[in-house]
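One structure below.
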Number of protein chains: 4
Amino acid sequence: MFEIDPRSATPIYEQIIKKMKELCIKGVLKPGDKLPSVREMSSMIIANPNTVSKAYKELEREGLIETLRGRGTFVSKMVQKKLDEEKIEIIKEELRQIMIDAFYAGISFEQIYQWMKDMNNEFANAFHK
Amino acid sequence: MFEIDPRSATPIYEQIIKKMKELCIKGVLKPGDKLPSVREMSSMIIANPNTVSKAYKELEREGLIETLRGRGTFVSKMVQKKLDEEKIEIIKEELRQIMIDAFYAGISFEQIYQWMKDMNNEFANAFHK
Amino acid sequence: MFEIDPRSATPIYEQIIKKMKELCIKGVLKPGDKLPSVREMSSMIIANPNTVSKAYKELEREGLIETLRGRGTFVSKMVQKKLDEEKIEIIKEELRQIMIDAFYAGISFEQIYQWMKDMNNEFANAFHK
Amino acid sequence: MFEIDPRSATPIYEQIIKKMKELCIKGVLKPGDKLPSVREMSSMIIANPNTVSKAYKELEREGLIETLRGRGTFVSKMVQKKLDEEKIEIIKEELRQIMIDAFYAGISFEQIYQWMKDMNNEFANAFHK
DNA sequence: GTGGTCTAGACCACC
DNA sequence: GTGGTCTAGACCACA
């Protein structure tokens with residue numbers, strides 16, 4: 001399904017969240033699709049079940065997935081996209097840091113813009129609606 | 001000089017690093033400028049000298065500043081800017097995450113691009129050279 | 001595991017780094033081996049956990065070890081061994097100083113060469129490959 | 001005469017000592033030669049007179065130079081070369097560290113040996129007597 | 001005055 | 001359990 005890097009500085013549960021979001025945005029995972037159970041997932045990516053559970057709980061809290069008692073976990077149909085001012089400020093601040101890091105890494109403005117366009121394509125042009 | 005948020009999830013020493021980079025890229029701090037001493041800075045931002053020291057050490061490792069024994073710490077000339085493939089991949093991956101988060105926060109592609117242009121201006125058009 | 005001299009002029013954290021490198025090069029520590037935890041090591045060598053942590057961090061930065069979140073620290077596979085020009089110059093300069101000091105200490109050229117060969121044997125002929 | 005690097009991790013006074021020893025061993029400075037005064041030297045290499053003084057004192061303690069009251073400082077005629085067991089052990093230990101660092105930097109055994117021979121030539125074959 | 005090292009002890013996130 | 005961060009306070013070498 002995807003791979004996680006236990007050596008990475010970002011926590012494993014966060015890596016799972018990110019990967020799941022990516023799969024959803026790319027359309028690999030569609031609304032209504034059933035996710036692997038916590039146990040299945042934990043053996044697939046070689047992680048502690050508690051860690052997977054934590055990721056699923058957070059994804060559920062964010063509304064991306066839903067748990068149906070006894071049936072399993074599914075990709076949620078409702079894509080909320082609430083405009084949370086606080087969240088937007090955080091993202092803007094993160095973007096600022098990326099720009100600064102990119103400058104020090106010698107990356108050009110155009111390169112970043114190109115990457116963004118590529119990613120938008122990759123995401124099936126999820127933006128622009 | 002700048003402010004630190006001790007409640008933030010990002011460690012104080014990282015906040016210092018980010019702020020310093022920003023001051024440098026904006027031209028507020030110029031090559032050769034003397035930084036506040038570890039003790040001065042620690043009292044300015046109300047943090048432990050060790051925490052400031054950790055930030056300074058990391059900035060030195062990255063080549064942004066240099067310390068002259070017994071004299072203090074100074075903004076370096078930054079001759080490097082070597083293209084580190086690994087670093088570039090990390091930045092690209094971070095950008096990807098930003099894009100994903102932005103999508104879920106309901107931010108438009110154009111909005112992100114506008115922010116990028118604004119930041120480039122703010123950074124005295126450090127890019128493009 | 002090894003001993004540290006708290007009276008030595010070389011910092012404890014550097015002594016740890018050196019000893020660990022030596023254990024690795026001698027084959028006592030093999031890739032994948034788990035290192036003592038920071039707390040274990042600190043009680044073993046009677047030093048502060050922070051000091052051990054500093055040594056581990058530096059070893060990780062150099063790529064000799066890697067930490068798996070919440071699981072511990074392990075000897076890494078060491079795929080790198082990239083030829084860093086700057087690093088090589090530093091080593092050459094250090095060698096020059098050794099030669100000068102050896103001359104003033106009355107040590108012969110042959111003696112140094114013999115020591116080098118002995119060490120190479122001790123290191124399981126790590127060189128020459 | 002020579003240059004010192006205020007950014008280096010090795011103290012300035014030690015850098016001076018090393019450079020002086022190197023000049024002596026290379027034959028640039030010969031027994032009886034007059035050294036620049038502390039003030040001259042400090043302005044030449046842009047360092048604090050106290051720092052130069054500290055270096056001169058240490059060199060005098062080691063017997064490499066001599067101060068004649070009111071006349072100045074001169075390269076000493078007596079090259080002692082006392083076989084100090086403790087000093088020899090220290091040098092051997094330093095050599096061991098160099099070998100370890102060289103291994104991790106990917107430098108070959110032959111390369112080190114070649115450097116040693118080159119340096120010996122540079123030192124006017126000071127060794128081999 | 002400067003930064004570098006170390007200790008003791010605390011709290012936290014992650015697994 | 002693991003390592004990561006932070007504080008308070010100490011001592012030292014260097015310039």
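Quick caveat: nothing in here was measured; it's all calculated off a predicted structure. All chains are named by letter (A, B, ...) in the order of the sequence lines, taking the proteins before the strands, and each is independently numbered beginning at 1.
- For B:I46, the CD1 atom counts as loosely surrounded, since its 6.0 Å shell holds 12 or fewer non-hydrogen atoms of other residues, nucleotides or ligands.
- A heavy atom closer than 4.0 Å to some atom of DNA chain F occurs in D:P11, D:I12, D:Y13, these being the qualifying members of residues 9-21 of chain D.
- Salt bridge C:E60/C:K57: absent, no basic N to carboxylate O contact under 4.0 Å.
- In DNA chain F, consecutive stretches of 3 or more Watson-Crick or G-U wobble pairs with both distances under 3.5 Å are given as paired ranges: E:1-14 with F:1-14.
- Rounded to whole Å, atom P of E:dC12 lies 17 Å from atom CZ of C:R69.
- Nucleotides of DNA chain F with any atom under 4.0 Å from a heavy atom of chain B span, from 5' to 3', F:dT5 to F:dA15.
- Of the charged side-chain nitrogens involved, at least one lies within less than 4.0 Å of a carboxylate oxygen, so that C:E58 and C:R61 count as a salt-bridged pair.
- Using a 4.0 Å cut-off between charged side-chain N and carboxylate O, B:E22 and B:K26 make a salt bridge.
- Between the A:E66 side chain and the A:V75 main chain, no donor and acceptor come within less than 3.5 Å of each other.
- Within the 4.0 angstrom heavy-atom criterion, base atoms lie near C:N48.
- Residues A:K21 and A:L59 are in side-chain contact: their nearest non-hydrogen atoms beyond the backbone lie under 4.5 Å apart.
- If you measure from atom CD of A:E58 to atom C1' of E:dC15, you get 17 Å, rounded to the nearest angstrom.
- Here the side chains of A:L35 and A:M20 are in contact, with some heavy-atom distance below 4.5 Å.
- Side-chain contact check for B:I100 versus B:Q97: some heavy-atom pair is nearer than 4.5 Å.
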